[in-house]
Novice: 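Okay, here's the structure, questions in a sec.
Residue numbers begin at 1 in each chain, while the letters A, B, ... track the order of the sequences. Not measured: the values here are computed from a predicted model.
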There are 2 protein chains.
Amino acid sequence: MASRAGSAPTIVDVAAQAGVSIKTVSRVLNQEPGVQEATREQVLKVVAALKYRPKLSARSLAGARSFLIGLLYYDPSAAFVAGVQKGATLRCREAGYHLVVESLHNDAADIDQQVERMVSALRPDGMVLTPPLCDNPKVLKALRESQTPCVLMSPGRQVKGQPSVCMDDVHAAEEVTNLLISLGHERIAFIKGATDQAASARRYQGFDNAMRAHGLAVDPELVHQGDFTFKTGVEGAHQLLSRRVRPTAVFASNDDMALGVLAAAQRLGLAVPADLSIAGFDDSPAAGLVWPPLTTVRQPVDQMARTAVEMLIGANRSDAEPPTEASLHRVLPYELVVRDSTSAPFDRPARVAGKARKR
Amino acid sequence: MASRAGSAPTIVDVAAQAGVSIKTVSRVLNQEPGVQEATREQVLKVVAALKYRPKLSARSLAGARSFLIGLLYYDPSAAFVAGVQKGATLRCREAGYHLVVESLHNDAADIDQQVERMVSALRPDGMVLTPPLCDNPKVLKALRESQTPCVLMSPGRQVKGQPSVCMDDVHAAEEVTNLLISLGHERIAFIKGATDQAASARRYQGFDNAMRAHGLAVDPELVHQGDFTFKTGVEGAHQLLSRRVRPTAVFASNDDMALGVLAAAQRLGLAVPADLSIAGFDDSPAAGLVWPPLTTVRQPVDQMARTAVEMLIGANRSDAEPPTEASLHRVLPYELVVRDSTSAPFDRPARVAGKARKR
DNA sequence: CTGAAAGCGCTTACAG
DNA sequence: CTGAAAGCGCTTACAG
């Protein structure tokens with residue numbers, strides 16, 4: 001018997017045509033054990049012939065899973081969204097899951113209700129939280145109360161028992177600083193990021209570590225408080241470059257600020273990197289689209305998102321290992337991207353194309 | 001009777017507590033007519049008290065709507081994804097819909113099956129297609145066969161009866177060209193975009209229109225074929241600036257190429273805009289993060305996405321007007337962003353901050 | 001204006 | 001190894 005014309009085939013059509021019960025079809029589709037190989041093949045043949053696809057809403061209503069992963073974000077940089085989406089959607093598809101995206105206002109008074117509303121309507125099997133939402137207590141509380149598994153991306157602080165994915169900001173900042181020092185710089189200025197973002201402190205920490213390790217004092221006059229915007233990069237440059245003894249290098253803790261430093265330096269008639277080396281952080285698209293291209297650090301954003309989705313899907317499986325504290329907090333490798341904005345002090349600009357080093 | 005502890009309240013709990021049938025609760029929730037005001041209020045009170053939220057999977061399985069809107073994209077620029085997501089998610093939430101995002105490979109041989117699979121599992125109420133997928137015949141065919149309503153964002157060509165949202169590329173490129181001409185430029189070079197993207201031809205068309213309208217010949221030597229990448233901007237600049245008579249301005253048909261021109265000009269020791277004016281297209285984040293900041297055109301990407309979602313949701317409503325050919329193809333206003341990379345030829349660089357003009 | 005019944009298309013116990 | 005029954009939580013079509 002063929003399936004009714006017009007409407008899509010259902011599990012009943014497949015069962016009838018394969019000469020088995022719908023329960024058996026369900027078993028095959030969900031890869032449950034205890035189906036004879038011959039039966040399995042017969043069912044799969046009919047599934048293919050009918051182009052049968054189980055309907056998500058029915059599976060979701062009847063079963064314990066929704067096959068939906070939620071992604072929450074607030075005011076992210078464009079490069080960040082793009083990377084996260086790429087990693088998350090691809091991993092979702094591999095596992096037959098789908099990604100539902102919602103944007104929220106981190107400062108909204110009713111943000112907990114917004115989250116609660118979304119979760120109770122959608123019942124996602126898990127949620128990926130990006131900064132700064134992953135550090136928002138209201139959001140975390142609403143999710144905990146609804147018992148929705150979460151993975152935090154680059155959270156400010158690890159929460160015990162709360163899965164997270166991040167990169168090693170401290171170590172990356174150390175490496176950038178080491179690069180500048182190895183080029184011969186000693187008066188190295190630093191521009192800090194927004195105080196409400198945890199990465200800011202970690203990056204400064206790395207800078208400080210590296211300086212101390214080389215016996216170089218961090219001159220408070222050469223540390224500027226920025227907020228991750230282009231504007232504070234420009235301001236920082238003006239202030240730092242007006243010191244009695246100028247720095248020979250500026251390490252801005254993100255690319256937007258580094259671009260501000262570059263723009264300011266160019267307006268002041270300084271040659272980069274001959275008169276001033278500049279390093280950033282993030283490897284934003286713009287970092288490679290300026291002259292000279294910026295030395296920076298690439299966050300593995302898409303890998304982080306992919307890993308986050310994987311953790312959520314894995315946790316939903318019955319055969320999942322009991323998680324250890326270590327398996328809950330994944331630290332992914334970053335990439336130091338050395339380009340032309342850094343050189344030995346007073347060097348002629350390098351003419352070599354950008355190259356990347358992994359660690 | 002209170003709802004069972006532990007599990008979330010259902011429509012049955014609400015009906016029981018409000019002393020009505022579940023059908024009446026359903027009517028109130030879906031804003032169907034024919035419910036007495038007192039009854040309605042009583043139901044809403046219980047809904048609020050119980051924090052009842054209808055489950056999407058149940059509504060979707062029983063009814064004709066899924067409250068899901070799909071967004072398909074392939075290898076978009078970061079700024080584009082970010083804008084689309086913002087506009088689309090916000091509009092979805094206002095209407096109680098949710099946005100499911102999927103990324104596809106435009107060149108995948110089985111792209112039609114990937115689309116078919118997604119659609120038959122999810123049954124979205126509509127789909128937003130971004131370039132270049134909105135021009136992919138396989139994708140469109142798969143969607144047509146599944147009877148999923150679609151809106152195309154910036155499609156290469158209008159398809160009759162197929163809803164779309166776009167901006168007026170031709171007119172925008174005309175305006176940029178007019179700006180350069182009004183500043184006193186006559187030798188204006190143009191860098192074309194990728195030949196497989198429809199916007200490329202439209203932007204060149206606008207340039208050509210404006211030049212002719214002012215009696216200026218388009219010198220074929222001053223037209224370079226690029227592909228929207230930074231690299232072809234650099235190459236174009238080298239080629240265009242090696243002409244016997246140099247152009248005094250370059251109009252690159254997107255920002256990445258304009259940034260390439262800027263980088264090349266700076267390496268060649270040219271002052272921008274004094275020696276060379278540069279204009280781009282897109283208003284990418286980087287456009288405002290370089291020195292001098294780029295004159296460009298801002299695409300209303302988030303508005304376009306918002307409009308696309310609105311059209312899909314509106315079409316699903318029973319009280320929807322029969323669409324006219326005009327209402328099917330929305331053209332949204334762009335914004336000319338005049339910054340410091342353009343000036344009169346041989347001018348000293350402007351010191352004025354960027355300003356925007358709407359049309 | 002309101003409701004009782006059937007059914008959407010699956011999975012979950014439970015039998016055999 | 002396989003299946004018949006019940007049920008997930010809503011909307012639809014039909015009565016009254």
Side-chain angles (χ1 to χ4, degrees), chain A residues 3-4 6-43 46-47 50-68 96 120-123 125 316-318, chain B residues 3-4 6-43 46-47 50-68 96 120-123 125 316-318:
Chain A
S3 61
R4 295 155 304 169
S7 59
T10 74
I11 197 171
V12 174
D13 301 313
V14 176
Q17 195 143 142
V20 298
S21 72
I22 62 167
K23 175 62 209 176
T24 296
V25 177
S26 176
R27 281 197 183 92
V28 172
L29 258 30
N30 290 301
Q31 309 182 55
E32 289 172 29
V35 179
Q36 222 160 45
E37 190 51 30
T39 315
R40 214 180 76 84
E41 277 173 16
Q42 166 66 4
V43 169
V46 176
V47 164
L50 257 44
K51 287 195 177 180
Y52 167 68
R53 320 266 181 228
K55 217 170 156 175
L56 219 65
S57 54
R59 299 183 79 180
S60 183
L61 180 58
R65 295 178 297 176
S66 68
F67 299 94
L68 257 26
S120 43
L122 236 35
R123 309 289 165 104
D125 292 337
N316 268 326
R317 286 211 303 251
S318 48
Chain B
S3 62
R4 295 153 305 168
S7 59
T10 73
I11 197 172
V12 175
D13 300 314
V14 176
Q17 195 144 143
V20 298
S21 73
I22 61 167
K23 176 61 210 177
T24 295
V25 177
S26 176
R27 281 200 182 91
V28 171
L29 257 30
N30 291 301
Q31 309 181 56
E32 288 173 30
V35 179
Q36 222 161 46
E37 189 52 29
T39 315
R40 214 180 75 86
E41 277 173 16
Q42 167 66 4
V43 169
V46 176
V47 165
L50 257 43
K51 286 194 179 181
Y52 167 67
R53 319 267 182 227
K55 216 169 157 175
L56 218 65
S57 54
R59 301 183 77 180
S60 182
L61 180 58
R65 297 178 296 176
S66 68
F67 299 94
L68 257 27
S120 43
L122 236 35
R123 309 289 165 104
D125 292 336
N316 268 328
R317 285 211 304 250
S318 48

Novice: Assuming nearest nucleotide by heavy-atom distance, tell me which of B:Arg53 and B:Arg27 is located more 5' along DNA chain D.
Specialist: B:Arg53
Novice: Stem finding on DNA chain C, please: runs of three or more consecutive Watson-Crick or G-U wobble pairs, both distances under 3.5 Å, sorted by first number.
Specialist: C:1-3 with D:14-16, C:5-12 with D:5-12, C:14-16 with D:1-3
Novice: Side chain of B:Ala62: nearest nucleotide among D:dG3, C:dG9, D:dT11?
Specialist: D:dT11
Novice: Taking the side chain of B:Leu61 as its heavy atoms from C-beta onward, which of C:dG9, D:dC10, D:dG3 lies nearest to it?
Specialist: C:dG9
Novice: Take atom CG of A:Asp125 and atom C1' of C:dT11, then tell me their distance rounded to the nearest Å.
Specialist: 14 Å
Novice: Would you say A:Ser21 places a side-chain N or O within less than 4.0 Å of OP1 or OP2 belonging to D:dG3?
Specialist: yes
Novice: Please state how far atom CD in B:Glu32 lies from atom P in C:dG3, giving the value in whole angstrom units.
Specialist: 14 Å
Novice: Roughly, in whole Å, what's the span from CZ in B:Arg59 to C1' in C:dC10?
Specialist: 20 Å
Novice: Grab the CZ-P distance between B:Phe67 and D:dC10 for me, whole Å please.
Specialist: 12 Å
Novice: Measure from the side chain of B:Gln36, starting at C-beta and using heavy atoms only, and say which of C:dG7, C:dT11, C:dC1 lies closest.
Specialist: C:dC1
Novice: Assign A:Val12 to base, sugar-phosphate, or nothing according to its heavy-atom contacts below 4.0 angstrom with the strands shown.
Specialist: nothing
Novice: Between atom CD of A:Gln17 and atom CD of A:Gln42, what is the distance when rounded to the nearest 0.5 Å?
Specialist: 9.0 Å
Novice: If I take atom CG in residue B:Leu29 and atom P in nucleotide D:dT12, what distance separates them, rounded to the nearest angstrom?
Specialist: 13 Å
Novice: When the nearest nucleotide of DNA chain C is assigned to B:Arg123 and to A:Ala64 on a heavy-atom basis, which residue is associated with the more 5' position?
Specialist: B:Arg123
Novice: Grab the CZ-C1' distance between B:Arg65 and C:dC8 for me, whole Å please.
Specialist: 15 Å
Novice: Nearest whole Å is fine: how far is C:dC1 C1' from B:Lys23 NZ?
Specialist: 12 Å
Novice: Of all heavy-atom pairs between B:Gly34 and B:Arg27, which one has the smallest distance, and what is that distance?
Specialist: O-CD, 4.5 Å
Novice: State, to 0.1 Å, how close A:Thr39 and A:Thr24 come at their nearest heavy-atom pair, and which atoms those are.
Specialist: CG2-CG2, 3.9 Å
Novice: State which of C:dG9, D:dT2, C:dT2 makes the closest approach to the side chain of B:Thr24.
Specialist: C:dT2
Novice: Could you measure the distance from the OG atom of A:Ser57 to the NZ atom of B:Lys55? Nearest 0.5 Å is fine.
Specialist: 11.5 Å
Novice: Indicate the atoms forming the closest heavy-atom contact of A:Leu56 with A:Phe67, along with that distance.
Specialist: CD1-CB, 3.8 Å
Novice: What's the separation between atom CD in A:Gln31 and atom CZ in A:Arg40, rounded to the nearest 0.5 Å?
Specialist: 7.5 Å
Novice: What's the closest nucleotide to the side chain of B:Thr39 if the choices are D:dG9, C:dT2, C:dT12?
Specialist: C:dT2
Novice: Which heavy atom in B:Leu29 sits nearest to a heavy atom in B:Val47, and how many Å separate them?
Specialist: CD1-CG2, 4.1 Å
Novice: Atom CD1 of B:Ile22 to atom P of D:dC8: distance rounded to whole Å?
Specialist: 12 Å
